[in-house]
Every structure is written in structure tokens, then in C-alpha cells.
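Note that these values count all heavy atoms, side chains included, but never hydrogens, waters or copies made by symmetry. Sequence positions, counted from 1, serve as the residue numbers for this chain.
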Amino acid sequence: MIMSDEKRAAVAVAPSADVTHSVPATDIEHAGVVDDPRAWSNARKLTVVGTVSAASMIAGLGANIYNPALSQIEEQLHASSSSLALSLSLFILIQGGVPLLWSTLSEFWGRKKVYLVSMALCTVGCIVAALAKTISVLIGMRCIQGFGSSAVMSLGAATLSDIYEPEQRGTMMGIYYSAPLLGPSLGPILGGVLTQGFDWRATFWFLAIFVGVCFLLFIPFKDTFRRERSLTYQTALKKRRAQLSAKASEASSISQVTAVSRVIPQAADEKTADATDKDVIEQLARDRDLEKQQSPRATAETDAAPMDDVKLSLADVNPAKPIIHVLRRMNNLVILVASGLIFGFSYCIAYTCSRTLANKYGYNALQIGLVLLAFGIGSLVGSVCGGRYSDHVFRKLKARNGGTSQAEMRLQSTMIFMPFLPVSVIAYGWVCERHVHVAAICVMLFLSGLFSIAIYSSTLAYIVDANNGRSSSAVATNSAFRGGAAFIAAEVAVPLQNAIGDGGMYSLWAGLLVFSELLILLVWWKGGAWRAKWEIKERGISGS
């Protein structure tokens, strides 16, 4: 049923040459462009991957590097615990929501300009935070840091979709996403070392230097964005052309009526002159309607005009519209909920594990960071290996399907990891609850990170594959779901941990993760039909 729906969508779009002028091509991501990023050399592509991967570490480092210094900040800035908690939760909330704006701007400015602006903004936030004298200034600068560091998390995946074909994206997404996963693991270690060796301000100076280096790396960066392959840009361009065409037609009509009125002789009777004017105007209108009927391709030719004839500005930016296009597709909405739950779990386990190790095992900041490194390494292995396995399964299914593919094939690779994730999570919770040796905690952290991120990397690649021409908007929406889930997880983690302990809380998380796995299976089963239905609707073609 899935394949038949997609074939009907393709057949419905293909027959008429006129249709291609008025609606986007079926495969807009393969539209012809100058200096095609997908034709770049492997070395050049890997340079792009390395640059965005390094910059993507900023988000994870920024969220975790100053956690070991919280007690010192509380003492020196006379801050309350609620103020410190606000600086943590606001950072992750803004980091999740702002990419919706960055992604839309990137569809008009290109990726490079957004990278440079966001990196500069984050650098300023880090420098002022390092100089802060009050907790209010520090909270404000944490918001600026979250605002600036959020761009790479949404645009990085979109940049990879610009330069790689779908059958290569799983591997590259795994490599790319392994970098930000190191942030939550390395952050506490770096924060502990810097705080003990210097003071809490050193953590922000370190971040300022790191972000500044990333800014310099983006200066020679070759932009991968091509507006011919952006549905957001093409839609805005078509709307602007229609507006300009309407204004031009109105001006032409007025000028023609004015010219005719000048040659009408002065009538002795004013009523006779008015009637004559009206008759001439009506005749002109009929002539223009007849001309339009005889020139059915006029609109198509206007749409097909070179794109350089119209320049778009920030007035054409509508962050809400691309997001609505993403969310109204049921396959996107379901997979985004599943993705958000997995990320919320990852954020929660790193946060609560620090409290467990400090309160029940008496570990200091550096020791906690070393234990959490097990989760980071597991996530790193899961991201790289899961991405490669995802590509392997995708290519295998594509070959079996006669060389044709659909995005949902990507999700079949997650099935091998699904049974092990809830089991690992439950085991971690009860190992902590029973105060078992820390080696057991390290093993369970490693396995939980491996299986959760192996699944997550495939869902991220699917979000890109299933939204041709809107990859940055789709990934930004995913960031919003992640940020919202992480914010809620951080807010309820401590009360839950105090009320039912690690064993009960992570048994609950295991149930939520089973639910997310069922959602992924639902998209694997029904996603193709949902997606084909909306692709037909968006092109104004009725389908059964």
C-alpha cells in the first residue's frame, strides 16, 4: 500500500510539463545547481563535516561545563538554588526553540551567514558571562549562549543533507552527531579541572576561546546551501513574483485606461462622456481577458524566469510556515515525539547520575565526570556504528526494491537495538538503587548510551530524508521537541528521584522508551502512505 501511494504521487506529478513550472519538482533536492555540493571531493566534504561537528560540541559543552562550579557560583554571586536551576533550564529551553528561527533564516541567507552570526553571538555571551558580577547578568548571558549555540544543532544536519545522498547520510549523521555527544561527557571533566585549577570564570573563558576558534573556521567555509533546492525559498519567491506581477498588471491597466481617456473627445453632455469612458474601459477589460485565455503559458513563463530578477529580504521570512508544513505531516509528528522522548532520557540520565554519584557514592566533580564518560563513549559508539548500520540496511533494502527507495527504509535498522534499550535502562536504575559497585553503573551507562543513540541517529537521518527541500526546518523542529523534552525531564527529574528513587524513575523511563519504539515502528509501517498523501496535497493534486 505504501509503494502504491507513492507511485500514484509520482505519476500524478509527472505527465504535464506545465505543472513543473507552477509547483516544485518531485525531487527538489536534486534540482540542477551551479557548483553542486554533492559533486565536491570527499576531502572537501569531510572538511565540512569536521567543521560543523566541532561547532556542534558547543551546545553540549555549554550546557554541562559549568555544572561542577555551581556551588562556587552560588557562594561568590550570592545566588539562590532556584536561580542556578533557572540558568540551567533556560539554556536548554532556548537552545531547543531558537533553531526554528535560525533554520528559516538559513533558507534565505544561506548556512554560512547564520553560522557566523550565531558563533559571534555565542562568543559575546561567553565573554560577558565570564565577567558577570551578578547572577542576573549570568542568567541573561546563559540565554545569549543558548541562542547562539543552537544554530549548529539544527543546521549541521541540514548541511550534511546538502552534500550527501540519502544512502550516505546515516554514516555521516552518526559521525556528525558523535561530536555533540562528547559535550555532556567532557563538559563535567573540563569544568571540574578548570574550576579546581582556577575558578568558575575559567569555564566561560574556555568556552569563549573554543567558540571563537569555531567562528574562525567558518570564515573560509564554502556555503553548501542552494536556493534552487529549498522549498521554503521557492515558495517565498513564487509569492513575491505573484505580488509583483499583480502590481505590474494593475499599473498597466491604469496606464491604458488613462491613455484611452485622453483621446476621447470632449462631449457636450457630461453624462455622454461618462458612458463613453465606461464602454471603453469594459472593452479593454474584455480584450485583456481574451488575451489571457489565448496565452495559457504566460504564468508558467513568469514562474520560470531567472531567480535573479527578484531579491528576497527578511520581510519574506516567516518562521512559522515551514514549521507548520513539517508538523502537519503525521509521519513527522509521530517521529518527532519519539525522538524527543529518547533525547529527554539522555539528558535526564546524565543529570540525575551526577546527583546519585555525589550523594550516594561521595564522588567529587572530576570523579563524576569520569563515570559519565562511560555514557559518552557508549553514545559515541552507538552514533557511529548505528549510523553505518543504518546506511547498510538502507542500501540493502533499496537494492532489493529494484533501486528505488523511500525514507521509511531507514527506520528498519532500529529494530535490532529496540529490545535492549529498555532492559539496559531498567538495569541502570536498579543498580543505582541498590548501591552496586560503580563498575556496574559504568557498564549500564555505556549500554544505555549505545542503544539510545543508535536508534536516535536513524530517526534523525529519517527526519532529513523525509523532508526534501525542508531539511533545516525539519531538524530545527526536532531540536524544539528535544529541547522541550529535556526541559521537562530536568524539571521533574529531582522530584521523581526523591519520591520513587532511581529504580522506580528509570523503570518509568523504560516504559516511555518502549512507547517511543512503538511510535518508530508505526512510522516504519504507515509513514510512507502519510507522507505520499501530504506530498500530493501540497502540490494541489487530488489523489485517492
Report the relative orientation of the aromatic rings in Phe218 and Phe221; use parallel for angles under 30°, tilted for 30 to 60°, perpendicular for over 60°.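 Aromatic pair Phe218/Phe221 classed perpendicular.
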
So, do Thr459 and Tyr456 sit near enough that their side-chain heavy atoms are less than 4.5 Å apart?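 Yes; the side chains approach each other to less than 4.5 Å.
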
Considering only heavy atoms from C-beta outward, does the side chain of Val371 approach that of Tyr361 to under 4.5 Å?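 Answer no - side chains too far apart.
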
How about Arg142 and Leu90: do any of their side-chain heavy atoms sit closer than 4.5 Å?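 No, their side chains stay 4.5 Å or more apart.
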
Heavy atoms only: give me the nearest Val114-Trp109 pair and the separation to one decimal.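 In terms of heavy atoms, the two residues are closest at CG2-CE3, 4.1 Å.
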
Quick one: does Arg434's side chain have a donor or acceptor within less than 3.5 Å of a partner on Gly503's backbone?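 Looks like no, no N/O pair under 3.5 Å.
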
How long is the straight-line distance from CG of Asn332 back to OG of Ser339, given to the nearest 0.5 Å?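 Result: 11.5 Å between the selected atoms.
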
Should Ile144 and Met141 count as side-chain neighbours, where that means a heavy-atom distance under 4.5 Å?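 Yes; the side chains approach each other to less than 4.5 Å.
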
Considering all heavy atoms of both residues, which atom of Pro166 and which atom of Asp391 are nearest to each other, and what is their separation?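 Nearest heavy atoms, Pro166 then Asp391: O-OD1, 4.0 Å.
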
Considering all heavy atoms of both residues, which atom of Leu155 and which atom of Trp102 are nearest to each other, and what is their separation?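 Between these two residues, the closest heavy atoms are CD2-O, 4.3 Å.
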
Are Ser83 and Ile139 packed together at the side-chain level, in the sense that at least one heavy-atom pair is separated by less than 4.5 angstrom?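 Side-chain contact under 4.5 Å: yes.
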
Could you state the interatomic distance from CG (Leu519) to CD1 (Ile335), rounded to the nearest 0.5 Å?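 If I round to the nearest 0.5 Å, the distance is 8.0 Å.
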
So, Arg410 versus Ser390: side-chain donor-acceptor pair below 3.5 Å or not?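 Result is yes, a qualifying pair exists.
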
Just by modelled atom types, is the Ser379 backbone N or O under 3.5 Å from a matching donor or acceptor in the Ser383 side chain?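 Looks like no, no N/O pair under 3.5 Å.
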
For Arg395 and His392, test the side chains for any donor-to-acceptor distance below 3.5 angstrom and give the result as yes or no.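 No, no side-chain donor-acceptor pair sits under 3.5 Å.
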
Over 12 foreign heavy atoms within 6.0 Å of NZ, Lys396: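 No - once you tally the heavy atoms of other residues, nucleotides and ligands closer than 6.0 Å, there are 12 at most.
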
Specify the closest pair of heavy atoms between Ile453 and Ser346, including all atoms of both residues, with the distance to one decimal.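 So the minimum-distance heavy-atom pair works out to CD1-OG, 4.1 Å.
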
Arg355 vs Asn498, test: side chain to side chain contact (heavy atoms under 4.5 Å, CB included). Steps then yes/no. CA-CA 11 Å; Arg355 295 185 76 248; Asn498 292 336; 3.9 Å; yes

Check whether any side-chain N or O of Arg329 sits under 3.5 Å from a backbone N or O of Gly527 as a donor-acceptor pair, and report yes or no.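 It does not hold such a pair.
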
Would you say Leu357 and Gln367 make side-chain contact, with heavy atoms under 4.5 Å?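 Contact flag for Leu357/Gln367 side chains = no.
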
Pair Gln76-Ile135, side chain to side chain contact (heavy atoms under 4.5 Å, CB included): steps then yes or no: CA-CA 9 Å; Gln76 291 188 14; Ile135 188 62; over 6 Å; no

Measuring from Ile520:CD1 to Tyr462:OH, what's the distance to the nearest 0.5 Å?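 Those atoms lie 11.0 Å apart.
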
Is any side-chain heavy atom of Leu373 less than 4.5 Å from a side-chain heavy atom of Leu186?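 They are in side-chain contact.
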
More than 12 heavy atoms of other groups within 6.0 Å of Met415 CE: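 Enclosed: over 12 neighbouring heavy atoms sit under 6.0 Å from CE of Met415.
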
Nearest heavy atoms of Leu372 and Ser354, plus distance in Å: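 Minimum heavy-atom separation between Leu372 and Ser354: CD1-OG, 3.5 Å.
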
For Lys112 and Lys222, indicate whether the former's side chain and the latter's backbone hold a donor-acceptor pair under 3.5 Å.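 Here the side-chain-to-backbone pair does not exist.
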
Polar side-chain atom of Arg531 near backbone of Glu408 as donor-acceptor pair, under 3.5 Å: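 Pair absent, no side-chain N/O of Arg531 close to backbone of Glu408.
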
Atom pair OG/CZ of Ser452 and Phe375 - distance to nearest 0.5 Å: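 The CZ atom of Phe375 is 4.5 Å from OG of Ser452, to the nearest 0.5 Å.
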
Residues two or more places apart in sequence or in another chain: which of them pass ring-ring contact (aromatic ring centres under 6.0 Å, His included) with Tyr428?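 Per chain and number, Tyr428 pairs via ring-ring contact (aromatic ring centres under 6.0 Å, His included) with Tyr506.
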
Heavy-atom side-chain contact between Gln412 and Trp524 under 4.5 Å: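 Sidechains of Trp524 and Gln412: in contact.
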
Are Tyr115 and Thr159 linked by a side-chain donor-acceptor pair shorter than 3.5 Å?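 Side chains of Tyr115 and Thr159: pair found under 3.5 Å.
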
Do you see a donor-acceptor pair shorter than 3.5 Å between the side chains of Ser413 and Ser458?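 Short answer, yes.
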
Would you say Ser161's side chain and Ala158's backbone share a donor-acceptor pair under 3.5 angstrom?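 Judged by distance alone, yes, a pair lies under 3.5 Å.
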
Can you tell me how far apart CD (Glu433) and CD1 (Ile426) are? Round to the nearest 0.5 Å.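 One finds 13.5 Å between CD of Glu433 and CD1 of Ile426.
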
Does the side chain to side chain contact (heavy atoms under 4.5 Å, CB included) test come out yes or no for Ser87 and Leu138, once each step is laid out? CA-CA 8 Å; Ser87 71; Leu138 183 61; 5.8 Å; no

When you look at CG of Asn42, are more than 12 heavy atoms from neighbouring residues, nucleotides or ligands closer to it than 6.0 Å?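 Check fails, neighbour count at 12 or below.
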
Can a donor-acceptor pair be found, under 3.5 Å and without considering hydrogens, that links the side chain of Thr203 to the backbone of Trp200?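 It does hold such a pair.
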
Identify the two heavy atoms, one from Cys126 and one from Phe204, that lie closest to each other, and give their separation to 0.1 Å.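 Here Cys126 and Phe204 meet closest at O-CB, 3.6 Å.
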
For Trp509, side-chain hydrogen bond (donor to acceptor under 3.5 Å, both in side chains) partners two or more places apart: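 Partners of Trp509 by the side-chain hydrogen bond (donor to acceptor under 3.5 Å, both in side chains) criterion come out as none, since no residue qualifies.
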
Go through the steps for Leu336 and Thr477 under the test side chain to side chain contact (heavy atoms under 4.5 Å, CB included), then give the verdict. CA-CA 8 Å; Leu336 288 169; Thr477 308; 3.7 Å; yes

Taking Asp223 for its side chain and Arg111 for its backbone only, find out whether a donor-acceptor pair lies under 3.5 Å.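 Present.
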
Can any side-chain N or O of Lys45 pair as donor or acceptor with the backbone N or O of Ile163 at less than 3.5 Å?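 Yes.
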
Keeping the roles fixed (side chain from Asn331, backbone from Trp530), state whether a donor-acceptor pair exists under 3.5 Å.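 It does not hold such a pair.
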
Working to the nearest 0.5 angstrom, can you tell me the gap between Ile342 CD1 and Leu512 CG?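 Nearest 0.5 Å value for the CD1-CG distance: 11.5 Å.
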
Between the side chains of Asp502 and Thr356, does any donor sit under 3.5 Å from an acceptor?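 A donor-acceptor contact under 3.5 Å links the two side chains.
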
